[in-house]
Amino acid sequence: IDKIKEFSNSKRLFLKKSLKLASFGIFISPSLFYINKIQSATKKSFPSNIEEYTKGKIKNTDVISAKNISAVADLVDPSTYEEVLFENREILLSSSEDDQETLFPPFFYQATRKNTNGFSLDEQNNVANKNDVEWTGGLPFPNGKSAKEIILNLALSWNRHDQAIDAINGSLIDKDGNVEQSFDMVFASQQLYGICNPSINDAIKDKTKYRHLLKYSAVWFTEPEELKGLAFTNKWFKDQNKFPELYSFNPNTRRMTKLANSKRLSELISNINFSLSDMYGFGDPFGVWGNWKIVHNGPFLVSTQHNWRPDLPNWDLPVTGGLRGQSYYLVRKQYITNIIVIDITPTGYRNPGFAKKRIYIDGRNMVPVKILYYDQHNSIIKSIEIGYSQLKINPSIQPTIRNGPILTSLKKPDWNWSWYICKNHRTKKIGRFHLAESCTGGWKTTSDNIATYGTPDDFIEKYMTQRGIRKLFS
């Protein structure tokens, strides 16, 4: 108790000093200070809401801005803190909903509830069970305690749908806050192991030909014209120590090229600050990263609810901050008591260009909400921020225009990621993109939609093979 009191006093003193220094152009992140100190001051219980946490200074209907960010300095990461304090970024708050079904796609939620932590890791870093019970989808470690179990949740569950097409609208923002370029792209994925939806599983004709595979995935651009047809395909293996087979398609030469594993860390297009390794917060096999370590657990502000905007054209989002007031999305965040912060290093990559990655994970549903890349001097060089939402409006919080939910075949609202904000902290350039209702090329966001995109065999052949991609953009 004395350590916690001592820590709280030192934290307040540090915050006062850092804000004073900030007025002279000198900045030290209280959030980074907090993470380094908290390891020696573990608190077992936390305030249940943000009003209690801030002693009435902040309510869950407030807007966080430079005027009040100091009251929640310990509830945001260093990157977000700087953006609000120095770049006029604003953040909307909303109350967190306790119903677990609002945090998962329905089929994935059903599968997760069946997993009672009887699983462990085998030599290939795959999910194993001492009673020979096969993992059939969902989070293999819903109550994961170790860093390895939590990261494996990210590596295996990915976008949490068995078959998905995500239509995407995005923009590149230059260092002066101008929109440098707009683009449309598509994320596509087909799960082959750990399938949650029985209709998807039953539609696979010959499961033996996929017995060594985890999934297929692809990314392609449809706008602007100079990027149209640029595509990347991934063939993923169950063996979590093995890199996926990665190919790219060049629309100018019409050639597919097998890429080196290191290309997974390269940005998809110039200045987007987003790579294949960043997909869904952890776009790599589990085994190519190492030195997993939980560095913090406690309260935090996350964007895991109320971020779907069907009231705006094509599910667009308002913007805020930066020199032109449009560098960041104006998003909603909720107070939670269980953020899990894990540091990992890229042990499987040669010369990755950074020293470590810090991932902030919502402990309720195990989704990554923020990723920070650090150099060897412990300075942030890149950040990825991700928002999520059930595809259903809460009328007490969100606008009710065009508020019909998107339902799955279980007649329950679907769930998905909502947006990414990807920032290069050296160049100050930002790539931001959001899940859209549709994008150029006639692509529409949908999941587990066999009627539209075909069986898993057809889906893979059309959109995730060399022959399919060539035909798609011929």
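Since this is a predicted model, take the numbers as computed values, not measurements. Residues: numbered from 1 along the sequence shown.
- Here Lys228 does not pair with Asp184 in a salt bridge; the nearest charged N to carboxylate O distance is not below 4.0 Å.
- Remark: Lys238 does not engage Glu134 in a salt bridge, criterion side-chain N to carboxylate O under 4.0 Å.
- The side-chain heavy atoms of Ser327 and Ile173, taken from C-beta on, include a pair separated by under 4.5 Å.
- In terms of heavy atoms, Leu213 sits closest to Phe237 at CD2-CD2, 3.7 Å.
- Contact check on Asp343 versus Lys357 returns no salt bridge, with no Lys/Arg side-chain nitrogen under 4.0 Å from an Asp/Glu carboxylate oxygen.
- Using a 4.5 Å heavy-atom cutoff, the side chains of Ile91 and Thr80 are in contact.
- In summary, the aromatic rings of Phe104 and Trp415 are positioned with their centroids too far apart to meet the 6.0 Å limit.
- In this structure, the side chains of Leu172 and Val179 stay at 4.5 Å or more apart for every pair of heavy atoms.
- Relative to the six-membered ring of Tyr373, Lys382 meets both conditions, a distance below 6.0 Å and an angle of at most 45° to the axis.
- The two residues Ser383 and His425 have their closest heavy-atom pair at OG-NE2, 2.9 Å.
- Using a cutoff of 4.0 Å between basic side-chain nitrogens and carboxylate oxygens, Lys423 and Glu87 are scored as salt-bridged.
- A heavy-atom distance below 4.5 Å is found between the side chains of Leu265 and Phe354.
- Under the 4.5 Å side-chain criterion, counting only non-hydrogen atoms from C-beta, Glu223 is not in contact with Phe183.
- Shortest non-hydrogen contact noted between Ser389 and Trp308 is OG-N, 3.2 Å.
- Residue-environment remark: CG (Asp99) exceeds the threshold of 12 foreign heavy atoms within 6.0 Å.
- Remark: Phe108 engages no residue in a ring-ring contact (aromatic ring centres under 6.0 Å, His included) (not counting sequence neighbours).
- No option in Leu330, Val331, Leu435 other than Val331 meets the side-chain contact (heavy atoms from CB on, under 4.5 Å) test with Leu317.
- At a cut-off of 3.5 Å, with distance as the only test, a side-chain donor of Arg364 or Ser96 sits close to an acceptor on the other residue.
- Residues Trp419 and Tyr328 keep their aromatic ring centres 6.0 Å or farther apart.
- A ring-centre distance under 6.0 Å is not found for Phe46 and Tyr53.
- Other residues, nucleotides and ligands place more than 12 heavy atoms under 6.0 Å from the NZ atom of Lys356.
- Looking only at atom types and distance, the side chain of Glu101 has no donor-acceptor partner in the side chain of Gln110 under 3.5 Å away.
- In this structure the side chain of Ser189 never reaches within 4.5 angstrom of the side chain of Gln163, judged on heavy atoms.
- Nearest heavy atom pair, residue Gly138 against residue Thr112, reads CA-OG1, 3.3 Å.
- Between Lys429 and Asn273 the shortest heavy-atom distance is O-ND2, 2.8 Å.
- The minimum heavy-atom distance linking Phe433 with Gly170 is given by the pair CB-CA, 3.6 Å.
- Trp443 has its ring centre less than 6.0 Å from the ring centre of Trp220.
- With sequence neighbours excluded, the residues forming a side-chain contact (heavy atoms from CB on, under 4.5 Å) with Ser248 are Phe232, Thr257, Leu259, listed by chain and number.
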